[in-house]
Peer 1: 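This is the structure I want to talk about, given as structure tokens.
Throughout, a chain's letter reflects where its sequence line sits, starting with A, and its residues are numbered from 1.
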There are 2 protein chains.
Amino acid sequence: MRAILEGAERVLSVDPGASMEQIAAAAGVARTTIHRRFASRQALIETLALDAARQLARAVDDGRPDTAPAQVALHRITVNVLEVKGAWAFALGLPAEPGSEAAALHEDLGRRCITVLERARADKLIDEAADLEWVRRVYYALLGESLHGSADDADVDTDTLAARIVDTLLHGAGPRS
Amino acid sequence: MRAILEGAERVLSVDPGASMEQIAAAAGVARTTIHRRFASRQALIETLALDAARQLARAVDDGRPDTAPAQVALHRITVNVLEVKGAWAFALGLPAEPGSEAAALHEDLGRRCITVLERARADKLIDEAADLEWVRRVYYALLGESLHGSADDADVDTDTLAARIVDTLLHGAGPRS
DNA sequence: TAGATCTGCGTCAATGCTGTTGCAGCTATG
DNA sequence: CATAGCTGCAACAGCATTGACGCAGATCTA
């Protein structure tokens with residue numbers, strides 16, 4: 001079960017159009033076994049998306065977004081999300097079915113992200129006039145970009161990557177004053 | 001010919017796995033007509049990618065990356081690229097075949113982007129110590145994010161979007177000093 | 001007008017994927 | 001030991017897609 005989801009993630013993140021046969025091979029089971037557990041390819045993918053969304057939610061919760069100082073929460077959340085999103089890139093990149101539980105989770109995550117950003121703004125880390133929705137989108141984009149990972153990033157630890165993301169989000173590329 | 005490429009872009013940007021039948025319908029031609037011009041689905045997609053890469057190259061050239069002041073070039077290039085990338089999102093998102101002409105164009109674009117950033121750094125727009133390769137990736141990510149376009153962005157002109165991208169790239173979300 | 005070219009249409013064979021089923025073997029639990 | 005549950009394997013039908021033709025009609029050109 002878990003093996004199937006992990007195999008599916010591995011294969012589909014490389015080729016989103018991969019066949020059930022390839023997924024089964026990656027999971028180390030027979031194709032029919034997958035069909036016995038998931039009514040259809042679609043059902044498998046939805047389960048995959050939901051499972052990944054739950055892991056992402058846990059990753060954010062672990063960063064104590066409501067209680068830790070904004071600066072700290074931002075960093076910890078970034079580290080956790082980098083790890084989860086790295087392992088479930090395909091599942092999390094899936095367009096969430098409107099009304100699905102996965103979609104609800106992602107919306108909730110979005111709200112929670114905005115909350116952290118508001119706290120960061122209250123701490124003068126973010127400009128008063130900033131459009132937090134845009135800041136959130138930039139943050140997501142930076143996370144995504146870090147995951148593409150140039151060759152150099154391979155042997156850099158997650159903490160360093162996270163620090164770079166947060167720094168870029170807050171200060172951009174301009175000269176430090 | 002042009003109609004086929006444009007139809008393919010329209011359809012494939014919505015569903016990358018769309019059939020030749022759907023592409024033909026979008027292009028306003030019969031499926032067999034496409035097969036007469038393109039030896040295979042693969043050939044069509046490669047042509048699409050190459051065509052889009054060429055348009056992107058032209059968009060960058062139009063921004064005078066080597067002669068205009070860095071600030072100006074950055075803005076103009078951003079505007080142009082936003083327009084081209086908005087219209088050819090699928091084709092430009094395609095992983096370029098190693099060694100292909102499209103890949104060469106993209107590599108060249110990358111180098112040209114770095115050059116502009118170096119000029120911006122010389123003008124004190126970018127921090128001395130900044131890793132320009134990372135800055136470039138952030139720039140690409142911001143471009144991509146702007147194209148996803150939240151509902152609000154729909155009725156905002158390209159100039160405003162570009163200004164926001166450049167501003168975020170240089171200053172981030174932090175407070176302005 | 002005559003010819004060349006391109007198009008749409010219908011049809012065809014080949015291929016690959018999906019989802020289902022029957023059968024046999026393995027394992028754990030009672 | 002016996003049984004229930006799960007697995008792999010093989011095979012099957014159904015379906016969609018790809019790529020290839022031949023033919024007939026339209027359009028453009030010499």
Side-chain angles (χ1 to χ4, degrees), chain A residues 1-54 88-103, chain B residues 1-54 88-103:
Chain A
M1 182 68 177
R2 186 116 297 265
I4 294 176
L5 292 179
E6 287 169 4
E9 166 61 38
R10 270 198 304 280
V11 172
L12 294 176
S13 65
V14 174
D15 172 16
S19 70
M20 300 294 270
E21 192 74 50
Q22 294 171 266
I23 295 173
V29 300
R31 185 174 64 91
T32 45
T33 301
I34 297 185
H35 275 114
R36 274 192 270 254
R37 293 212 188 306
F38 301 95
S40 69
R41 178 197 181 81
Q42 187 58 20
L44 165 62
I45 290 185
E46 277 164 21
T47 304
L48 189 60
L50 179 55
D51 186 86
R54 281 204 252 255
W88 301 91
F90 169 79
L92 292 173
L94 236 36
E97 211 65 34
S100 68
E101 189 179 340
Chain B
M1 183 69 177
R2 185 118 297 264
I4 294 176
L5 292 179
E6 287 169 4
E9 166 60 38
R10 269 197 305 279
V11 172
L12 293 175
S13 65
V14 173
D15 173 16
S19 68
M20 300 293 269
E21 192 73 50
Q22 295 171 265
I23 295 173
V29 300
R31 186 175 63 91
T32 45
T33 301
I34 297 185
H35 276 115
R36 274 191 272 254
R37 295 214 187 306
F38 302 95
S40 70
R41 179 197 181 80
Q42 188 58 22
L44 165 62
I45 289 185
E46 277 165 20
T47 304
L48 189 60
L50 179 54
D51 186 85
R54 280 205 253 255
W88 301 91
F90 169 79
L92 292 174
L94 237 36
E97 212 66 34
S100 67
E101 188 179 341

Peer 1: dT17(D) P sits how many Å from L12(B) CG, rounded?
Peer 2: 13 Å
Peer 1: Going by the side chain to side chain contact (heavy atoms under 4.5 Å, CB included) test, name the single residue among R2(A), E46(A), E6(A) that passes it with D51(A).
Peer 2: R2(A)
Peer 1: According to a strict under-4.0 Å criterion, is H35(A) in side-chain N/O contact with OP1 or OP2 of dG19(C)?
Peer 2: yes
Peer 1: Quick one: does E9(A)'s side chain have a donor or acceptor within less than 3.5 Å of a partner on F90(A)'s backbone?
Peer 2: yes
Peer 1: Quick one: R37(B) CZ to dT18(D) C1', roughly how many Å, whole number?
Peer 2: 19 Å
Peer 1: To the nearest Å, give me how far apart CD1 (I23(A)) and P (dG19(C)) are.
Peer 2: 11 Å
Peer 1: Just by distance, do the side chain of E101(A) and the backbone of L50(A) share a donor-acceptor pair under 3.5 Å?
Peer 2: no
Peer 1: What is the distance, rounded to the nearest whole Å, between atom CD1 of I34(B) and atom P of dT7(C)?
Peer 2: 11 Å
Peer 1: The side chain of R36(B) lies closest to which of these nucleotides: dT18(C), dC9(C), dT21(C)?
Peer 2: dC9(C)
Peer 1: Look at the side chain of R41(B) against the base of dG19(D) and say whether a donor-acceptor pair falls under 3.5 Å; ignore hydrogens and angles.
Peer 2: no
Peer 1: Find which nucleotide of DNA chain C each of F38(A) and Q22(A) is nearest to by heavy atoms, and output the residue with the more 5' nucleotide.
Peer 2: Q22(A)
Peer 1: Checking contacts here: which listed nucleotide (dG8(D), dC6(C), dG8(C)) is nearest the side-chain heavy atoms of V29(B)?
Peer 2: dG8(C)
Peer 1: Atom CE of M20(B) and atom P of dC9(C): how far apart are they, to the nearest Å?
Peer 2: 17 Å
Peer 1: Counting only side-chain N and O atoms of R31(B), is one of them less than 4.0 Å from OP1 or OP2 of dT17(D)?
Peer 2: no
Peer 1: What's the CD-P distance between E21(B) and dC15(D), to the nearest Å?
Peer 2: 18 Å
Peer 1: Rounding to an integer number of Å, can you tell me how far M1(B) CE sits from dC6(C) C1'?
Peer 2: 14 Å
Peer 1: Let's see if you can work this out: which of dC17(C), dA10(D), dG19(D) has an atom nearest to the side-chain heavy atoms of T32(A)?
Peer 2: dA10(D)
Peer 1: Could you tell me how far apart Q42(B) (CD) and dG19(D) (C1') are, to the nearest whole angstrom?
Peer 2: 15 Å
Peer 1: Can you tell which of dG8(D), dC6(C), dT18(C) lies closest to the side chain of T33(A)?
Peer 2: dG8(D)
